[in-house]
Amino acid sequence: MDLEIPPLLTIPASELGWRFSRSSGPGGQHVNTTDSRAELLWNVADSSALTDEQRLLLLRRLGPKLVAGVITVTASEERSQLRNRELALAKLARLISNGLVPETVRRPSKPTRGSARRHRVAKEHRSATKQQRRRPAAE
C-alpha cells in the first residue's frame, strides 16, 4: 500500500519497512500474545520518490528524528495491528507534509506613526517621573 501525500508526492510501498512487536498499550492478556505495535521505517536519504530539493529540505528539518537517514514512526495506541499500521502511516504522512511546507519569509515592518508617538509620550512621562525623584538643586 503506497503512502500518498496528496499535493506533494507518493511514496511506493517498496520503500516502506515494517516491524511489529508486542505493545504495552490496551488489550489485557491479549496484548501478551500478539504483535500489535507497528513501527514504520522510511529511508529519506535513499528515497526515489523525492526530488533533490525535497530530500535536502526533509533531511534538514527532520534531522533530529533521523538515524542514518531513516525515519522511524511508532504506533501502539490501538489493540489492532491493522489500526496501528494505519496510524503509523498517518503519522509519517503528517511529518513529511509538515517538513515540506515552504518557509515563509518574514519582512520586517516599520512601526506605525501612532505607535511611535505613543512610545515617545511614554518616554517623556518616564523622564518626567525620574526628574521629580531627583534631589533639589542646592542654592
Side-chain angles (χ1 to χ4, degrees):
M1 165 166 69
D2 294 346
L3 176 62
E4 294 183 21
I5 304 165
L8 306 169
L9 70 135
T10 300
I11 300 170
S14 60
E15 291 187 8
L16 301 173
W18 291 99
R19 279 195 307 221
F20 303 102
S21 59
R22 292 188 179 148
S23 174
S24 62
Q29 292 177 349
H30 173 72
V31 86
N32 298 329
T33 60
T34 58
D35 293 339
S36 59
R37 178 174 178 246
E39 285 185 44
L40 176 59
L41 297 100
W42 180 53
N43 194 334
V44 178
D46 294 338
S47 178
S48 62
L50 297 172
T51 64
D52 289 335
E53 296 169 2
Q54 291 173 330
R55 182 175 293 107
L56 290 174
L57 191 60
L58 283 176
L59 287 173
R60 186 167 44 88
R61 288 190 179 166
L62 300 178
K65 297 179 184 193
L66 298 174
V67 176
V70 177
I71 188 159
T72 304
V73 179
T74 306
S76 62
E77 293 86 14
E78 299 290 331
R79 292 176 61 169
S80 154
Q81 185 188 98
L82 178 64
R83 185 69 184 118
N84 282 332
R85 287 175 73 140
E86 292 168 355
L87 287 173
L89 283 168
K91 284 181 182 181
L92 182 61
R94 192 171 37 251
L95 271 174
I96 294 168
S97 62
N98 288 343
L100 291 177
V101 171
E103 293 180 357
T104 57
V105 178
R106 184 190 174 277
R107 293 191 321 239
S109 60
K110 211 165 102 171
T112 63
R113 197 177 311 163
S115 69
R117 184 184 52 78
R118 286 188 299 274
H119 180 70
R120 197 170 43 254
V121 168
K123 280 181 73 121
E124 289 170 3
H125 182 68
R126 277 192 308 275
S127 174
T129 302
K130 290 186 176 197
Q131 291 283 339
Q132 292 172 356
R133 290 182 192 156
R134 287 188 183 166
R135 191 171 279 178
E139 291 181 53

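Here the structure is a predicted model, which is why all the values come from computation and not from measurement.
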- Message: Applying side-chain hydrogen bond (donor to acceptor under 3.5 Å, both in side chains) as the test, list every pair that has at least one member in residues 109-120; sequence neighbours left out.
- Response: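 Non-adjacent pairs meeting side-chain hydrogen bond (donor to acceptor under 3.5 Å, both in side chains): Thr112-Ser115.
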- Enumerate the residue pairs fulfilling side-chain hydrogen bond (donor to acceptor under 3.5 Å, both in side chains) with a member in residues 88-102, sequence neighbours excluded, ordered by first and then second residue.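 Listed by first then second residue: Glu77-Lys91.
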- Task: Heavy atoms only: give me the nearest Ala88-Ala75 pair and the separation to one decimal.
- Result: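 Result for this residue pair: N-CB, 3.8 Å.
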- Task: Applying side chain to side chain donor-acceptor pair (under 3.5 Å), name anything that partners Arg83, two or more places apart in sequence or on another chain.
- Result: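 Partners of Arg83 under the side chain to side chain donor-acceptor pair (under 3.5 Å) test: Glu86.
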With a 4.5 Å limit on heavy-atom distance, are the side chains of [X] and [Y] in contact?
| X | Y | result |
| --- | --- | --- |
| Leu16 | Leu89 | yes |
| Val44 | Leu50 | yes |
| Ile71 | Leu58 | no |

- Query: What pairs with Glu39 under salt bridge (charged side-chain N to carboxylate O under 4.0 Å, His left out), at least two apart in sequence or on another chain?
  - Reply: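 Salt bridge (charged side-chain N to carboxylate O under 4.0 Å, His left out) check on Glu39 returns Arg19, Arg37.
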- Task: Please name all residues satisfying salt bridge (charged side-chain N to carboxylate O under 4.0 Å, His left out) with Arg61, sequence neighbours left out, ordered by chain then number.
- Result: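 Applying salt bridge (charged side-chain N to carboxylate O under 4.0 Å, His left out) to Arg61 gives Glu103.
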Donor-acceptor pairs are to be reported for all side-chain atoms of residues 122-135 against protein atoms at under 3.5 Å, with residues two or more places apart or in another chain.
from, atom 1, to, atom 2, distance (Å)
Thr129, OG1, His125, O, 2.9
Gln131, OE1, Arg134, NH1, 3.4

Do [X] and [Y] sit in one hydrophobic cluster, given that two such residues count as connected whenever their side-chain heavy atoms are within less than 4.5 Å of each other, even indirectly?
| X | Y | value |
| --- | --- | --- |
| Trp18 | Ile11 | yes |
| Leu62 | Leu41 | no |
| Val73 | Leu87 | no |

Rounded to the nearest 0.5 Å, what separates atom [atom1] in [X] from atom [atom2] in [Y]?
| X | Y | atom1 | atom2 | value |
| --- | --- | --- | --- | --- |
| Asp52 | Leu57 | CG | CG | 12.5 Å |
| Asn84 | Leu40 | CG | CG | 12.0 Å |
| Thr74 | Leu92 | OG1 | CG | 11.0 Å |

